[in-house]
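These notes concern the structure reproduced below.
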Amino acid sequence: MITGRASWRICFDSQTSSVQPGSSHRSHVGLKAIAVVDNTACGPAIGGVRMAPDVSTEECFRLARAMTWKNAAAGLPHGGGKSVIFGNPRMPNDQREQVMRAFACAIRDIADYIPGPDMGTDELCMGWVKDETGRATGLPSALGGIPLDQVGATGYGLAACTDVAREFIGLELKGARVAVQGFGAVGKHAARFLAQKGAVLVAASDTSGTLADPSGLDIAQLIALKDAGKSLHDHSQGTKLDTDAILDIDCDIWIPAARPDVVHAGNVVRLKTRLMPQGANIPCTPEAEKALHQRGVLVVPDFIANAGGVICAAIEYRGGTERAAFDSINDRIRTNTRLVLEESRRNGGLPRAAALALAARRLRAAMQTRRWR
Ligand code: NAD
């Protein structure tokens, strides 16, 4: 069991007020948020700020712990943390600024927590947080930020992970058939970088449905379509199927890049793939992941495969360039994927168990150096 100098805080409007930009007037904005710092053995915690109406304390704790594992496994000098803000991310921009500034004021003295963007927050939000606290990652480029979703940091890491993992099942990337569930910031770039290595995108899905073409979809056209705010089903090419049909696509590499728990005991038999590098966080229930392992499907767990985003954030925090971030992602994810899959092959256990053991080893070594261990 890993314990650490964990701390958490509930931030209410009654405890915090925001500063109106350009004036000293303080007004209450209805902030309700939770910040969790799970472990700081490896360094100050990095973790996103999620804004949604239905977030919960439990979700925040789970996500903070997941960041501890992800950052330790990636060998970053950072612990794990997370925040959630109860609110509608589509609120008007001036209100959003007030809420984010109030949140930033509330966490200002949690000096070992560095916030980043997550669902419902973006680089502009992080700019406001930095303005109030002096620390944030995922910043606008005008503040030295690297736009990680635009450059595809996580998708790039997934492609590097896939390139190592495919050796373990004797799969060539040239001509390999890829299916992507969730053609968003992670999924579309994973498809793009894999296509650069010769793979073929045979199906992709978003909330509009699944688009399939065994002879290969045009990735550049699909990205342009999504960037224009349209859906995959607006494309003229390919067969249009329902959203769930992505599960039935015959492929070599199936990339979940949408929501948690999408593959479960009730639908895992539908997957026809050999490899699953996990882009989304916790896309499989534990039963489904075990069933895939027993069927010989190689699963690279989320916190190894999708660490590209946080590696990019850590490089940005130190003033590094996009090039440096990509080199670091390539290096760290390739090394970790190999370590985890070799260990899993050696002991026959799940890759996730090997990944957790790797992260725990690194965390324990870091904790040996701390006075508060
Ligand atoms: P995004 O919002 O940019 O993209 C998500 C895509 O999934 C959208 O195209 C949406 O239409 C689609 N989608 C939603 N529900 C779906 C469903 N049921 N079936 C099919 N498609 C569906 O989000 P993102 O940033 O690409 O993140 C995707 C996942 O990856 C999330 O789980 C996120 O936590 C995880 N993740 C993201 C990053 C990152 O750098 N952005 C890093 C690590 C992990």
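Counting convention: from 1, in listed order, for ligands and their atoms alike. These numbers were taken from a predicted model, which means no experiment stands behind them.
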Students should be able to answer this: which protein heavy-atom is nearest to atom 14 (C) of ligand 1, and at what distance?
T207 CG2, 3.6 Å
Can you find a side-chain donor-acceptor pair between S56 and E58 that sits under 3.5 Å?
no
Quiz question for you: does at least one protein heavy atom lie closer than 4.0 Å to atom 23 (O) of ligand 1?
no
Region of K226 engaging ligand 1 - heavy atom pairs below 4.0 Å
side chain
Is there a donor-acceptor contact under 3.5 Å linking the side chains of E97 and N93?
no
Please write down residue, atom name and distance for the protein heavy atom closest to atom 7 (O) of ligand 1.
G182 CA, 3.3 Å
Taking the six-membered ring of F86 (Phe, Tyr or Trp), confirm whether the NZ or CZ of K32 is under 6.0 Å from its centre and within 45° of its axis.
yes
Flag atom 2 (O) of ligand 1 as yes if some protein heavy-atom distance to it falls below 4.0 Å, otherwise no.
no
Ligand 1 to F183, heavy atom cutoff 4.0 Å, flagged ligand atoms 9 (O)
Is a donor from one side chain sitting under 3.5 angstrom from an acceptor on the other, for D261 and H264?
no
Do you know the tightest heavy-atom contact between A160 and N330?
CB-OD1, 3.6 Å
When you compare ligand 1 with G309, is there at least one nitrogen or oxygen pair between them that comes in under 3.5 angstrom?
no
Using only heavy-atom distances, determine whether the side chains of S83 and Y113 contain a donor-acceptor pair under 3.5 Å.
yes
Could you find the nearest protein heavy atom to atom 41 (N) of ligand 1 and give me its residue, atom name and distance?
D149 OD1, 3.0 Å
Between A280 and ligand 1, find which residue part has any heavy-atom pair under 4.0 Å and reply side chain, backbone, both or neither.
both
protein heavy-atom neighbour closest to atom 5 (C) of ligand 1 works out as A257 O, 4.0 Å
Using the side-chain hydrogen bond (donor to acceptor under 3.5 Å, both in side chains) criterion, which residues pair with D118? Sequence neighbours excluded.
R50, K82
Please work out, at 4.0 Å between heavy atoms, whether the side chain, the backbone, both, or neither of N281 comes within that distance of ligand 1.
both
Check whether the side chains of Q150 and E123 place a donor and an acceptor atom closer than 3.5 Å, and report yes or no.
no
Report yes if G187 has an N/O atom closer than 3.5 Å to an N/O atom of ligand 1; otherwise report no.
no
Looking at R323, I'd like to know if its CZ atom is crowded, meaning that more than 12 non-hydrogen atoms belonging to other residues, nucleotides or ligands lie closer than 6.0 Å.
yes
Any side-chain heavy atom of P277 within less than 4.5 Å of one from I255?
yes
D302 and ligand 1 - part of the residue with a heavy-atom distance under 4.0 Å
neither
Taking only non-hydrogen atoms of R259 and a 4.0 Å limit, the atoms of ligand 1 in range are 15 (N)
For atom 4 (O) of ligand 1, closest protein heavy-atom neighbour
G184 CA, 3.2 Å
Counting non-hydrogen protein atoms only, what is the nearest one to atom 27 (O) of ligand 1? Give residue, atom name and distance.
V186 CG2, 3.9 Å
Numbering as shown, the atoms of ligand 1 that approach L148 to under 4.0 Å (heavy-atom distance):
40 (O)
Which heavy atom of the protein is the closest neighbour of atom 20 (C) of ligand 1, given with residue, atom name and distance?
S205 OG, 3.4 Å
Side chain, backbone, both or neither: which part of T154 has a heavy atom under 4.0 Å from ligand 1?
side chain
Side chains of N306 and T154: donor-acceptor distance under 3.5 Å anywhere?
no
Nearest non-hydrogen protein atom, atom 31 (C) of ligand 1:
A258 O, 3.3 Å
Which word best sums up how the rings of Y317 and H78 line up, parallel for under 30°, tilted for 30 to 60°, or perpendicular for over 60°?
perpendicular
